[in-house]
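Reviewing the structure listed below.
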Amino acid sequence: MDVLLVLVHVALIWILAVATPGANVLLTINTALQYDRKLAMFSAFGVSTAILLWALLGGSGLVILLTTFPQLFSVMKVVGGSYLLYLGLRQIYQTRKTKKLGELPQGQHILSPSNKKVFISAFITSILNPKTGFFVVSLFSVSMPDTLQGAITNSMIVAIMLTMSSITLCWHLFLATAFSHQSAKSVYARISGVMDYITGGLFTVFGIKVMVSS
């Protein structure tokens, strides 16, 4: 019964966390709007795989090293924030280079990235976010009843990992499906230049926030 209670706590908290707008959500939505559902699904796979790894690190206590050695956390903030900043500035540059504001130049086609590239980009975006790691650690501590603190089993870690990863995957697959729908893509086609500038700006802001966060 305690194990079931833990999984219910994890599921409820993680559902709220994963639905919160952030770099991961923005990446999946942007992929679905710009390209197609298949590529957006690979973004979902990349994010959920990163969450699976974060959950493993959280359950094994390795993430606590970031607390014990704050220098590691500082390095991770710089690396993770820099990557998000890179995504944002690259988006703005590509939009400025290939598009007029609000419309695609005549005869110009957007080249789709490979499935592997989308997967890796989504994975890196998630795994380099230190806030995700600390939230996972907090989730483990909050969800564990006192009777189980310090006595977490390998099977429980696996169950929590699968719960968090599955919820993440389902949410991002929903985003991939919803925003690759023709109605959403039709709206995007009319305001693509503006939306791409906004997306680049948001990634840039996320990157700066990660680097300057305490």
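All values below come from the heavy atoms of this structure, side chains included, with hydrogens, waters and symmetry mates left out.
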Next on the checklist: Measuring only between side-chain heavy atoms, which start at C-beta, is Trp171 closer than 4.5 Å to Val25?
Outcome noted: yes
Checklist entry - How about Tyr83 and Ile124: do any of their side-chain heavy atoms sit closer than 4.5 Å? => result yes
Item to check | Taking every non-hydrogen atom, the tightest pair across Pro113 and Val118 | outcome: CG-CG2, 3.6 Å
Item to check | Ser186/Gln182 under side-chain contact (heavy atoms from CB on, under 4.5 Å): CA gap, chis, key distance, verdict | outcome: CA-CA 6 Å; Ser186 297; Gln182 189 57 45; 3.4 Å; yes
Item to check | Rounded distance [0.5 Å steps], CG in Leu202 versus CG in Leu26 | outcome: 5.5 Å
Item to check | Atom pair CD1 (Ile198) and CG (Asn30), whose distance is rounded to the nearest 0.5 Å | outcome: 11.0 Å
Checklist entry - What's the verdict on side chain to side chain donor-acceptor pair (under 3.5 Å) for Asn24 and Ser126, showing C-alpha distance, side-chain angles and the deciding distance? => result CA-CA 6 Å; Asn24 299 337; Ser126 298; 2.9 Å; yes
Next on the checklist: For the CD atom of Gln91 and the CD atom of Gln34, what is their distance to the nearest 0.5 Å?
Outcome noted: 5.0 Å
Next on the checklist: Could you report the tightest heavy-atom contact between Val18 and Ile15, atom names first, then the distance?
Outcome noted: CG1-O, 3.5 Å
Item to check | Results of side-chain hydrogen bond (donor to acceptor under 3.5 Å, both in side chains) for Ser48 - residues two or more places apart only | outcome: none
Checklist entry - Roughly how far apart are Ile51 CD1 and Leu162 CG, rounded to 0.5 Å? => result 13.5 Å
Next on the checklist: Checking Phe119 against Thr49 for the side-chain contact (heavy atoms from CB on, under 4.5 Å) test, could you report, in this order, the C-alpha distance in whole Å, the side-chain angles of both residues, the deciding distance, and whether it holds?
Outcome noted: CA-CA 9 Å; Phe119 176 90; Thr49 301; 3.7 Å; yes
Next on the checklist: Within the structure provided, determine whether Leu56 and Leu52 are in side-chain contact (heavy-atom separation under 4.5 Å).
Outcome noted: no
Checklist outcome for this item: Between Met164 and Val10, the two heavy atoms sitting closest are CG-CG1, 3.7 Å
Checklist entry - Between Tyr93 and Leu89, is any pair of side-chain heavy atoms under 4.5 Å apart? => result no
Checklist entry - Does Leu33 offer a backbone N or O that forms a donor-acceptor pair with the side chain of Lys185 under 3.5 Å? => result yes
Next on the checklist: Using 0.5 Å steps for rounding, measure from the CD1 atom of Ile120 to the CD1 atom of Ile127.
Outcome noted: 13.5 Å
Next on the checklist: With heavy-atom distances below 4.5 Å as the criterion, would you say the side chains of Thr31 and Phe179 are in contact?
Outcome noted: no
Checklist entry - Leu84, Tyr86: one ILVMFWY side-chain cluster at the under-4.5 Å cut-off? => result yes
Next on the checklist: Is there a side-chain contact between Trp54 and Leu57 in this structure, where contact means two heavy atoms from C-beta onward sitting under 4.5 Å apart?
Outcome noted: yes
Item to check | Between OG on residue Ser165 and CG on residue Leu53, distance to nearest 0.5 Å | outcome: 10.5 Å
Checklist outcome for this item: Closest heavy-atom pair, Ser112 versus Tyr35, reported as atoms and distance to 0.1 Å, is OG-CD2, 3.6 Å
Please tabulate, for side-chain N and O atoms in residues 38-46, each donor-acceptor pair with protein atoms closer than 3.5 Å (sequence neighbours left out).
from	atom 1	to	atom 2	distance (Å)
Ser43	OG	Thr28	OG1	3.0

Checklist entry - Donor-acceptor pair, Ser180 side chain versus Ala176 backbone, under 3.5 Å? => result yes
Checklist entry - Considering only heavy atoms from C-beta outward, does the side chain of Leu85 approach that of Phe206 to under 4.5 Å? => result no
Checklist entry - With sequence neighbours excluded, what pairs up with Thr163 under the side-chain hydrogen bond (donor to acceptor under 3.5 Å, both in side chains) test? => result none
Next on the checklist: With heavy-atom distances below 4.5 Å as the criterion, would you say the side chains of Val47 and Thr125 are in contact?
Outcome noted: no
Checklist outcome for this item: Of all heavy-atom pairs linking Leu175 and Ala32, the shortest is O-CB, 4.3 Å
